[in-house]
A.B. asks: 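The following block contains the structure, expressed as structure tokens.
As the structure lists them, so they are numbered: ligands from 1, and atoms in each ligand from 1. By convention here, the first residue in the shown sequence is residue 1.
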Amino acid sequence: MYEKYVHNPSSVHPSWQKLFRSLEVPAREPTTEQPKSLASETAPIIGKEHSVIYATKPESTAISDLRVFELIQAYRVHGHSLAKINPVEVEAHLVPHELKLESYGFTKQDLAKNFPTCGILPEPTASLLSIWIALKATYCSFIGIEYMYSMNPQLVAWIQKHIEPIQSQPHLRIEEKQAILQYLNKSELFESFLHTKYTGEKRFSLEGGETLIPMLGAILESSAAKGTEEFVLGMSHRGRLNVLANIFNKPYSDVFAEFEEGYIPVAFEGSGDVKYHKGFTSDYVCANGKTVKIQMASNPSHLESIDPVVEGMVKSRQVNKNDVNQERVLPILIHGDASIAGQGVVYETLQMYKLDGYTTGGTIHIVVNNQIGFTTIPRDSRSMTYCTDIAKAFSAPVFHVNVEKPEHCVFVANLAVNLRDSFHCDVFIDLVCYRKYGHNETDEPSFTQPLEYQAIRKMKSIREKYRDDLIEQGVLERYMAESLEVEFKNALQAALAITKVSIKDDHDDSKKTLPKEKEAEDLSKINTAVSKKILLEVAEKSFTVPQGFNLHPKLATLLKARLCMVKEREGESCIDWGTAETLAYGSILWDGIHVRLTGQDCCRGTFSHRHALWMDQVQAKAYIPLQNLKSMQGRFDIINSPLSEFAALAFEYGYSVAWAGALVIWEAQFGDFANGAQVVIDQYIASSERKWAVKNGVTLLLPHGYEGQGPEHSSARIERFLSLCGNNNMQVVYPTTPAQFFHLLRRQVLHTTPKPLIVFTPKSLLRNVQCTSRLQDFTTGAFKELLDDPEKLSNVKTLVLCTGKVFYDLSLHRSNAKVEDMAIVRIEQLYPFPEENLRSILQKYGKAQKVFWVQEEPANMGAWRYIESILGKILPSKIKVEYVGREVSASPAAGSHALHKLELSGILEKLFKDYELRLPKDSGGLRS
Ligand SMILES: Cc1ncc(C[n+]2csc(CCOP(=O)(O)OP(=O)(O)O)c2C)c(N)n1
């Protein structure tokens, strides 16, 4: 095209004319005269076997200039592949085609010739050699940078502006260099001290990656200088103790105490966790005297599961602090190379990073890339080139840096802070390092990596190398360096002495006791009723369409009906589930409490019952009535989540941990999809209080119910939640009326101690006319953990116990069969189990000769096995509870609607067999 342009500029598109003009040096206007071929004059620099992008035909100067521009671009894109980022490099790099001069037709003779520098050097033109040297220094030294894939040209220009003029060479002041050395001293000597004092104890040493500590110090310092007030860190085992001791200033004596034999955590009434999972909060005092808060999130062994939790915690703090610019609270995630590459939750978390409901304004990620995961090397653990390649899917820049170049590492850390500050993007630092010992200190790495560990054992430590460099540079006298080391070792020794004394005091085994159970809060005393006046105001605001808003006509009819239920039908049982839910949120917001509800398609509601967000049918503008109740109301966030369960739920767990007073709800599309977030349920929601003394009040709405929709849309797996219950850790509830749901949600925020709330929610019951409540059920009363039979019965011979939706099937059949001596009692709260309430019911129906547990789930699912053992303890020994429900099954529900109906008939038939003759023929299958 350029050749065509040279002959006749108007033969190419005007945009190309403009580009070609801009590339030309004025003195060399396009000319028809053919310049001599540079390449043809001499032989290429390296052998001819390499293909040449540019033909060695005669060409204009502008073409040569274009070639230089391409060369510069190639280094910007591919330079990282030659960067000396690996401290244990075994193989020499193969120079990629794109980074060879001859690929562009350049020869040795060209090195001395002048070309435009296109900004890579300050002067407008320079020799090809100078340009090439600058490119190699900038892009192929100890930092490898990947950023050219960014869709944001400003970000690309910003990075170039910050690295190209200084050729990626950090220029630090003497004090900064000394500070780095001091951090390295602390970081390495801390580990070697533990190594000698607690030989063979697991600590997941950071050795080989110690530069993480000065990097974190730099991030805190430079972020705090920009106005950050709080940091939340998420990280796994590797180097965690080091970070806690040397960044969080957790007293060394406390760290040592956890290594002592006989250590029992006494600080809280729980069962605790291993030392490298526990969280910590402290104040960090910056060099300029400013104090910032730093929090290490408690996490389980499940690698990377902490990522979305930290994001949720940060989002929560940002919203709480009204940090609209997302500058005051900053998330930092520290990953392992095998886990960041292998765990899907990393992708799920990153997918959230630009979404309004989830963004935290950019996360700083550091990978402690020790080039191994336990015993597995990268070749076996990932298909991508770098462990950080996931970042590219999200256009996040990546800085690969050599751990043995602490100044470059700190430079990159500061760059990441500035980049995040300027663009609110995620930034990745790949700290390429090694692992001095095995996966942990009881592990022998040379079983599987013999040659690597022969090499690693010969390596001088990062600290020693840097110290010697500084001495050589004259930054430090050797005696000063040595006295700093001695001083620090003495401090460690003194801390150990403190530990030994306190442990000695503690060695009296008679003083040790098992952790005590905390007394549960009496929830029945919580007043959850709301005045009629407030309910009417909430209903008026929630169900009235603002002037000029073009609502969908079907929705307008529904809202009119909802307003009428509250306003005009007092005394009638007409308020449905959706209306009750709106009244619950509205009344909570009315009191200034924050409500956040997320889930897939939750704004409308999967079953089209919620309609918390209205769309103007003409202008396609959204309106959220619950955000428009009154001034000074609580903040209402309702957010359609990405199609994720693991990260989406973990985010809400984190959000609720950081905001105890808010109502934080995650709704599963169907209850069984929560199994994609099972790690979060098991490792965080159910056990965080017991393991880490971390309370959370997250609420899960899990649509559940057997309605013939097949194995995957029926069961929210009640049994799984019940198997996780203990130590009053959470509430597992299956409410059956709108008013019960209303009181339950209100109880959840009026608690003084946050507890997770698991709610099995309805699908078809959302529209069942039997499943309604009266206005007075909202203005009086509270959540009832057990619902007695609403019918007035006398002489009860059969007592049926059940939970949830099956109640409606049972009561319908009871009335069809005109059965009058059967009481149906609903257990609305399965955990904590309302034992006292059940005892009084048993007394009330003391004459019943038969007691049944009825459920629609198979016998190995639902609440049966849990209830069976409880009833066994409560019921008089002569009465044995009989099970009525589906048979044991490997699959939760039948795949066809007809089979589902047949199974339900079987259940009803079994229960009502004594009353069979009284049933009408069309009673729904009893005789079918
Ligand atoms: C989800 C999950 N799977 C497996 C493990 C067991 N495990 C613990 S550490 C580890 C290796 C992690 O390697 P890497 O992420 O590179 O971190 P490193 O230990 O090398 O710092 C494995 C497989 C785990 N903790 N979590």
A.B. asks: Please give me the minimum heavy-atom distance between Trp692 and His277, naming the atom from each residue.
C.D. replies: NE1-O, 4.2 Å
A.B. asks: Give me the atom names and distance for the closest heavy-atom approach of Arg240 to Met235.
C.D. replies: NH1-O, 2.7 Å
A.B. asks: What residues form a side-chain hydrogen bond (donor to acceptor under 3.5 Å, both in side chains) with Glu201, not counting sequence neighbours?
C.D. replies: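 Result, side-chain hydrogen bond (donor to acceptor under 3.5 Å, both in side chains) vs Glu201: none returned.
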A.B. asks: State which residues pass side-chain hydrogen bond (donor to acceptor under 3.5 Å, both in side chains) with Asn414; sequence neighbours excluded, sorted by chain then number.
C.D. replies: Ser222
A.B. asks: In chain order, what residues pass the side-chain hydrogen bond (donor to acceptor under 3.5 Å, both in side chains) check against Tyr347, with sequence neighbours excluded?
C.D. replies: Gln351
A.B. asks: Any idea which residues sit under 4.0 Å from ligand 1, heavy-atom distances?
C.D. replies: His237, Arg238, Ser301, His302, Leu303, Gly336, Asp337, Ala338, Ser339, Gln343, Asn370, Ile372, Gly373, Phe374, His439
A.B. asks: Do Ile247 and Leu233 come within less than 4.5 Å of each other through their side chains, counting heavy atoms only?
C.D. replies: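 A side-chain contact under 4.5 Å is absent here.
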